[in-house]
Amino acid sequence: NESTNTSLEEVEKLYAMVFTRITKAKVLNYSFSFAQKFFNVGAYDRALHCLEECVRVRNRDSNSYNLMATIHLLQNNPQKAFDAYKRSIYIDPNQLGVILKTVELVFGDEWTMHIKDLEYADKLLTKAHNLVKKYDASNE
């Protein structure tokens with residue numbers, strides 16, 4: 001967990017120092033790590049920039065899409081959040097929490113007027129139901 005005392009300036013300095021010295025192979029790990037650091041200090045646009053680098057290097061990173069979605073929600077952009085969650089679920093269809101968050105974007109009172117993909121949300125509800133049944137069966 002990041003200290004809440006870390007400043008944006010400190011994260012920016014560390015980011016500049018690290019990215020001048022790393023190889024492309026390490027970009028993904030460092031980009032996600034810095035995305036989290038920028039997120040923790042409330043620098044959401046900088047965090048999104050790092051996450052975009054993550055998915056540019058490896059576009060099958062569900063964690064990057066999940067953090068993107070969280071940031072888009074904090075920036076009051078439910079459609080972009082929905083799209084990011086949808087991509088994450090495509091990559092890893094067994095994320096029950098992400099599936100439920102995505103369904104909430106469609107049916108929840110706060111976002112209902114923004115997201116209208118009811119057919120996709122209905123498929124997600126079925127997927128969530130099946131995941132819960134599978135989980136219950138494995139715990140018997």
Side-chain angles (χ1 to χ4, degrees):
N1 246 345
E2 280 298 309
S3 167
T4 56
N5 296 329
T6 304
S7 71
L8 175 57
E9 184 179 316
E10 291 169 319
V11 176
E12 288 282 5
K13 283 180 185 177
L14 185 60
Y15 178 84
M17 182 181 74
V18 169
F19 275 85
T20 58
R21 296 184 173 109
I22 64 171
T23 63
K24 188 172 183 173
K26 294 181 180 177
V27 166
L28 178 66
N29 291 334
Y30 282 113
S31 291
F32 188 78
S33 176
F34 274 100
Q36 290 175 312
K37 289 179 186 307
F38 283 124
F39 175 81
N40 289 339
V41 298
Y44 301 137
D45 289 336
R46 294 291 287 139
L48 283 172
H49 173 76
C50 290
L51 293 167
E52 288 162 1
E53 184 66 18
C54 286
V55 299
R56 187 187 65 75
V57 172
R58 187 180 74 192
N59 69 353
R60 298 197 50 80
D61 182 31
S62 62
N63 291 328
S64 293
Y65 286 106
N66 290 336
L67 186 53
M68 277 182 177
T70 299
I71 293 169
H72 288 309
L73 284 177
L74 290 170
Q75 293 180 326
N76 200 28
N77 195 333
Q79 185 62 54
K80 284 186 177 183
F82 178 81
D83 293 342
Y85 280 140
K86 192 173 179 177
R87 179 70 179 149
S88 177
I89 293 166
Y90 175 78
I91 294 166
D92 180 1
N94 295 313
Q95 304 174 84
L96 181 58
V98 174
I99 290 170
L100 295 175
K101 286 179 188 176
T102 307
V103 170
E104 184 181 351
L105 280 174
V106 178
F107 294 117
D109 291 339
E110 187 174 356
W111 306 111
T112 303
M113 300 305 293
H114 301 283
I115 311 293
K116 305 216 183 297
D117 198 339
L118 298 177
E119 183 178 336
Y120 181 71
D122 187 52
K123 288 178 186 177
L124 288 181
L125 282 173
T126 301
K127 175 71 174 166
H129 177 74
N130 291 338
L131 283 173
V132 169
K133 282 181 14 185
K134 181 178 171 182
Y135 176 79
D136 287 346
S138 70
N139 286 327
E140 288 181 355

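In this chain, numbering begins with 1 at the start of the sequence shown.
We find that Glu53 and Arg56 are joined by a salt bridge, their nearest charged nitrogen and carboxylate oxygen being less than 4.0 Å apart. For Glu12 and Arg46, the salt-bridge test passes: some basic side-chain N is under 4.0 Å from an acidic carboxylate O.
Figure legend: Lys86 and Tyr120 shown as a cation-pi pair, the cationic atom lying under 6.0 angstrom from the six-membered ring centre and within 45 degrees of its axis.
Using a 4.5 Å heavy-atom cutoff, the side chains of Phe38 and Leu8 are in contact. Taking the side chain as every heavy atom from C-beta outward, Tyr85 and Val103 never approach each other to under 4.5 Å. With contacts defined as side-chain heavy-atom distances shorter than 4.5 Å, the pair Lys80/Ile71 does not qualify. Contact of the Val55 side chain with the Met68 side chain is registered, since non-hydrogen atoms from C-beta on lie closer than 4.5 Å. Using a 4.5 Å heavy-atom threshold, the side chains of Asp92 and Val98 count as separate.
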Exercise for the section: Report the C-alpha separation of Tyr90 and Arg60 in whole Å, then their side-chain angles, then the decisive distance to 0.1 Å, and conclude whether the side-chain contact (heavy atoms from CB on, under 4.5 Å) test is met. Expected result: CA-CA 9 Å; Tyr90 175 78; Arg60 298 197 50 80; 3.9 Å; yes
Problem - side-chain hydrogen bond (donor to acceptor under 3.5 Å, both in side chains) evaluation trace for Asn40 with Gln36 - result: CA-CA 6 Å; Asn40 289 339; Gln36 290 175 312; over 6 Å; no
Handout entry: Step-by-step side-chain contact (heavy atoms from CB on, under 4.5 Å) determination, Lys37 to Val41
Key = CA-CA 7 Å; Lys37 289 179 186 307; Val41 298; over 6 Å; no
Exercise for the section: Apply the test side-chain contact (heavy atoms from CB on, under 4.5 Å) to residues Asn66 and Lys101: give CA-CA distance (whole Å), side-chain angles for both, the deciding distance (0.1 Å), then the verdict. Expected result: CA-CA 10 Å; Asn66 290 336; Lys101 286 179 188 176; over 6 Å; no
Exercise for the section: Just do the side-chain contact (heavy atoms from CB on, under 4.5 Å) check on Leu131 and Asn94 with the steps written out, would you? Expected result: CA-CA 7 Å; Leu131 283 173; Asn94 295 313; 3.4 Å; yes
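Closest non-hydrogen pair, Tyr65 versus Ser88, comes out as CB-CB, 3.8 Å. The shortest heavy-atom contact between Ser62 and Gln95 is CB-NE2, 3.9 Å. The shortest non-hydrogen separation linking Phe82 to Val106 is CE1-CG2, 3.7 Å. Here the shortest heavy-atom pairing between Cys50 and Ser31 reads CB-O, 3.3 Å. Minimum interatomic distance between Pro93 and Ile99 (heavy atoms only, all atoms of both residues): O-CD1, 3.5 Å.
Atoms NZ and CG, from Lys127 and Asn130 in turn, are 7.0 Å apart once rounded to the nearest 0.5 Å. To the nearest 0.5 Å, the span separating CD1 on Ile89 from NZ on Lys123 amounts to 12.5 Å. Separating the NE2 atom in His72 from the CG atom in Leu67 is a distance of 9.5 Å, to the nearest 0.5 Å. Distance check, rounded to the nearest 0.5 Å: CZ of Arg87 to CG of Asp61 gives 10.5 Å.
The aromatic rings of Tyr15 and Phe34 sit perpendicular to each other, their planes meeting at more than 60°, with 30° as the lower class boundary.
No donor-acceptor pair closer than 3.5 Å links the side chain of Gln75 to the backbone N or O of Tyr44.
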